[in-house]
Number of protein chains: 2
Amino acid sequence: MEAVTAPKPWTSYILGQSSLFPILICILSQGYRIRADDGGMEELTTEKEAEESHRQDSVNLLTFILLLTLTILTIWLFKHRRVRFLHETGLAMIYGLLVGVILRYGIPSTSYHNKTPPSCSLKVGPVSTLLLNVSGKFFEYTLKGEINSREIHNVEQNDMLRKLTFDPEVFFNILLPPIIFHAGYSLKKRHFFRNLGSIITYAFLGTAISCFVIGNLMYGVVKLMQVLGQLTDKFYYTDCLFFGAIISATDPVTVLAIFNELHADGDLYALLFGESVMNDAVSFVLSSSIVAYQPTGANTHTFDASAFFKSVGIFLGIFSGSFAMGAVTGVVTALVTKFTKLHCFPLLETALFFLMSWSTFLLAEACGFTGVVAVLFCGITQAHYTYNNLSEESTKRCKQLFEVLHFLAENFIFSYMGLALFTFQNHVFSPIFIIGAFIAIFIGRALNIYPLSFLINLGRRHKISGNFQHMMMFAGLRGAMAFALAIRDTATYARQMMFTTTLLIVFFTVWVFGGGTTPMLSWLHIRVGESSTAEKKRLLRLQNYLRVGVDPDQDLQSCGDSFQVLQGDGSQSEGQSKTKQESAWLFRLWYTFDHNYLKPILTHSGPPLTSTLPACCGPLARCLTSPQVYENHEPLQDNDSDLILNEGDLSLPYGITANGASSSSGPEGSAWSWGINSKRSDSTSEDALERELDTREHELLSRGTRLVFPIEDLA
Amino acid sequence: MEAVTAPKPWTSYILGQSSLFPILICILSQGYRIRADDGGMEELTTEKEAEESHRQDSVNLLTFILLLTLTILTIWLFKHRRVRFLHETGLAMIYGLLVGVILRYGIPSTSYHNKTPPSCSLKVGPVSTLLLNVSGKFFEYTLKGEINSREIHNVEQNDMLRKLTFDPEVFFNILLPPIIFHAGYSLKKRHFFRNLGSIITYAFLGTAISCFVIGNLMYGVVKLMQVLGQLTDKFYYTDCLFFGAIISATDPVTVLAIFNELHADGDLYALLFGESVMNDAVSFVLSSSIVAYQPTGANTHTFDASAFFKSVGIFLGIFSGSFAMGAVTGVVTALVTKFTKLHCFPLLETALFFLMSWSTFLLAEACGFTGVVAVLFCGITQAHYTYNNLSEESTKRCKQLFEVLHFLAENFIFSYMGLALFTFQNHVFSPIFIIGAFIAIFIGRALNIYPLSFLINLGRRHKISGNFQHMMMFAGLRGAMAFALAIRDTATYARQMMFTTTLLIVFFTVWVFGGGTTPMLSWLHIRVGESSTAEKKRLLRLQNYLRVGVDPDQDLQSCGDSFQVLQGDGSQSEGQSKTKQESAWLFRLWYTFDHNYLKPILTHSGPPLTSTLPACCGPLARCLTSPQVYENHEPLQDNDSDLILNEGDLSLPYGITANGASSSSGPEGSAWSWGINSKRSDSTSEDALERELDTREHELLSRGTRLVFPIEDLA
């Protein structure tokens, strides 16, 4: 193969670039509506063609919008009727499938020009910009991609289907960032930080294990296929590893939506959510590193230590760089919102928040890091610091803004997945590979969860119970990230096979595992904070409401009260008091630093710096401490006041024993949500009230369960 | 000129398509990160180049984001310090200018490859898709645009500046829709509908007058330039008319922001706002029609009756089609939100609202109509019907969502304008043309406002006073729409000259007229509802707050009370009672129809259909009427209940006399805002309270002014 000939991936641009781009682009540009201004003659055909194309693009985008609208209406119907066997993401996929079938088989191929485009020859290799000389006039052309010779004659044939195939990068650069940011921003900090060690272990070590196990198993499958003669093209070891990396990204969406609805155990929620959010980032960087793993010399695609370490280096470099980038932007936003009185103008504040969060993504990309990872950590930082500086109005606005973006992006991806099964034109269905992949992800997940849980439990007082492990095993759904990574490059035969397999795995796991979450929870005896019938629920809700009462002006007290209750609760439980010392020293170090220095510097909360910094830094401390801190210096008002309580009172449960199926962490979990809800309880909307009632009901239910009906604990 | 050679506008794609597109596209695609998968060899240079380009794109977008961030921070500072001589849009332009200077002169041209791209020859004319044959492999290329022969060698030279030049269509398809939708959605219905006749006259007739006056004057200027030998290229009569069309679009942003802040007269506000919103649409369609005006035969660019009527037909067709499209989508949204219980899930509701509003744009574009116009009427319809069906939470969410989008889009456009003065590379500064244009827009505006006001006043009891006319004359700022229309096509010499001139006109009007709004208001003795010093304001605010009191649960009563007061007020004023009969019969017909049939069908408000429809339609009426209507059947609770009052009580002022400078319509205006604010008064956020206080203060101030200090009326 000569240096000048292009490698195969160019084809990806036939599959790929004919995609959202053109749609967006033509929507954006209506580019070819050329108008003559110096005479009657004009390129009428081109104009007509372009207008037709523009119209087609609008219709395509409309298709997606109508799909989303349909999904929204059905979601409402499902929520209204309390249908739970199918989550909205599964639903979006089904609608996508249906529309895909219609588009593929129902509509005759509408090609607006059937002639093969003219071609010209060149000796040098493909360049990104080409000039065309037509009778002395020069025209600029940009490269779209390589075309298989068999496809030359139908370049324009399957326009519609090709256009419906989005550019993979759209997923990374438009749709994933809001999803990932929202994930980071809505992270339930308390549970997350309490389980940070476990989450990091699962996310980093677990994903690596899963990746290598799946990669090696699939390499076996590929070898088997070669023996059976089922493989018509090359499939390297690195391809298998790449498959392992992309398919190791678990998706939090479906299971966690159900967890949220059922008010399942807070720690389990945190573990699953934390793991799946972090392992999206890990698997993203992992797959990039594997692609960058290019052994030198002739003997390619075998193990090469230097290339391996290079990959590891790249992994670490990109990950930490992106992390730093996200954290820095978050900190800058916190500082800006702290030292200006921007909170008088919620619109400005929201716009600033949005722009800064978006700039993280661009900044990371501009520096060669990974925008998606940076956005995740930016979200976490924003939630931890900036959130405290925003006005009440803005916190709501920002949350709602990202909620809508997240919702739209997510449902778009899932309905697109359904569509892609039929509109994507280069599927490679290989039964052996697919069956092998299903077995491999099962084994990979098992070798991730069970051994790691065993290891984690060694260092953890508050053990992860067997049932939790089974649930985590079961909840290993694959979703948006796996899909986005798989569609990123579908140039080669191997990648096409992976893409098809990934799509099927996503379908299967979302529908079967997603739909089976509720039965599985009850089968594993994992406590959920909801009674069986809606009537009973309503009654209890009313009852709880009457018992607790909501007074927006008194959230400080009620917040304090709730902690009082909790403290009482906590000290009653046995064996919970000596949890913290061992495993969490790093975390505690960080926490103290954060609480004493970072929070006061970056937000209006925490103790005044004048009291935490040494005396020599007095002027600086006074300058950095906001006046509000002195007024607000009341630990309970802080958003993660429970953490502060934890720190002040070491006898409080840091981790909570979960013997068997009983979820004694209920009150802790609800205390957190109580804190949050109290902060937001002055939203008078029905929705907020509903949510608050839900939370309180959950809290009282679970607390009630433990205190009033202790017998159920053994169930 | 042969048929196969391309007309000049192709060049627009060098100027144009090297623009936001590439930025967005490359951000989206990172398209050229090609990876080899079947060997070590790969197109390293291309990859490097592409990565560099991707980075450059990220940096470019970052530039804009930082610009916006800077603008936001300065806006805050200005609001904080109550600086009013410079509006945020003017500010954004200044920052844009500064950054433009830095980019143009401060940074050495960084070109990542200096070689001239290879070229190939072809006999046939430029096609949209070209195939390149490199040693048997085929690559697909898409047309970017024509290049001047002198520019061939620096195709890649000024990459950075070229990339900062956005695609014009970005403005139409990404940035304008949220702005226009927001304008339609936030239209103050009462004042708008009350002045509908005048607004339509100004918008349609006025814009047409302005367009033709400016066009003809500019044709004179162009002839003069030809005589003086200052014109180096062609400039046709249609070009002049086109210039007249684009420069006739007045911008509501700057003046109205100040009006809002100062609580200037409600009717004047409505007139200006309505005119500028509608004339954006008119001037958009007008300019398209002028472009479509292509006289047949050899004698081009002279008057051709058939082509003229074709243009008029196109204008009417496009306008009414787009109008219908927008209205239909709004109605569909209203029906969907009425007949589902979606309002239990604000997130779903907001997403649906957003999607349906967006689909209007796509639908119109897909049908060959104008998306921007459709979106305007969709916004009005949504505000009139759908708004009533949304849950309280959703109304807030939708409003805030579009507020943020609008804010970002608007400031983006204005900061881009500043940037474009230096980064756009084909400016044609022609002093004669520029001076001529300034004079022409002045004369055009004058011939629009004064004669039409005279005509309108003939049919209007509530005359538009001379001072109001002067203010409308003064407030003819040019902004986003003029700019977007001008940048749409900068291919020819004439268009480039227009673009440069438009840019300068926008700068001048926004800075000078925008900054002069406050002095002008006081010079014209137009009442604004604000006292001079901030201290006095605070005191009054507190005082008013104490006097009025806010009880969110009692908005029905307070709403009713306010109307009681108004009725009293209204009947005290002389000569206002017999206003309505003549000019408004069409409006009243429409209003009755709307109130009796459309509102009950589309929303939960209005009288039950069972009472308004004839008996024979009983079952249908019962089916269409929502149960809430029977409960809610209380005219005052309706959002535009004041209109109903108007209808029920013909003695109420329909138009209000405005003798001299006294703005007796103050209470009417504030009654409206009172109604709106009462509806939203349960938002407990500081901001809402602030706004509410502002409104009430305004109301009480102006009412107080008239009742308590009548002597000031003569001032």
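Predicted, not measured: the structure shown is a model, and the values here were computed from it.
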Rounded to the nearest 0.5 Å, what separation is found between the [atom1] atom of [X] and the [atom2] atom of [Y]?
{"X": "B:Trp358", "Y": "A:Leu61", "atom1": "CH2", "atom2": "CG", "answer": "5.0 Å"}
{"X": "A:Phe407", "Y": "B:Thr350", "atom1": "CZ", "atom2": "OG1", "answer": "9.5 Å"}
{"X": "A:Phe64", "Y": "B:Leu355", "atom1": "CZ", "atom2": "CG", "answer": "13.0 Å"}
{"X": "A:Phe354", "Y": "B:Leu408", "atom1": "CZ", "atom2": "CG", "answer": "6.5 Å"}
{"X": "A:Glu403", "Y": "B:Arg397", "atom1": "CD", "atom2": "CZ", "answer": "4.5 Å"}

Winner by heavy-atom pair count (cut-off under 4.5 Å) against chain A, out of [options]:
{"options": "B:Thr69, B:Val336, B:Leu348", "value": "B:Leu348"}
{"options": "B:Leu401, B:Ile75, B:Thr71, B:Leu405", "value": "B:Ile75"}
{"options": "B:Leu73, B:Val59, B:Thr340", "value": "B:Thr340"}

With A:Leu363, which residues qualify under side-chain contact (heavy atoms from CB on, under 4.5 Å), at least two apart?
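Partners of A:Leu363 by the side-chain contact (heavy atoms from CB on, under 4.5 Å) criterion, ordered by chain and then number, come out as A:Met325, B:Leu62.
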Applying side chain to side chain donor-acceptor pair (under 3.5 Å), can you list everything that pairs with A:Ser394, at least two apart in sequence or on another chain?
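By the side chain to side chain donor-acceptor pair (under 3.5 Å) rule, A:Ser394 matches A:Glu349, A:Ser391.
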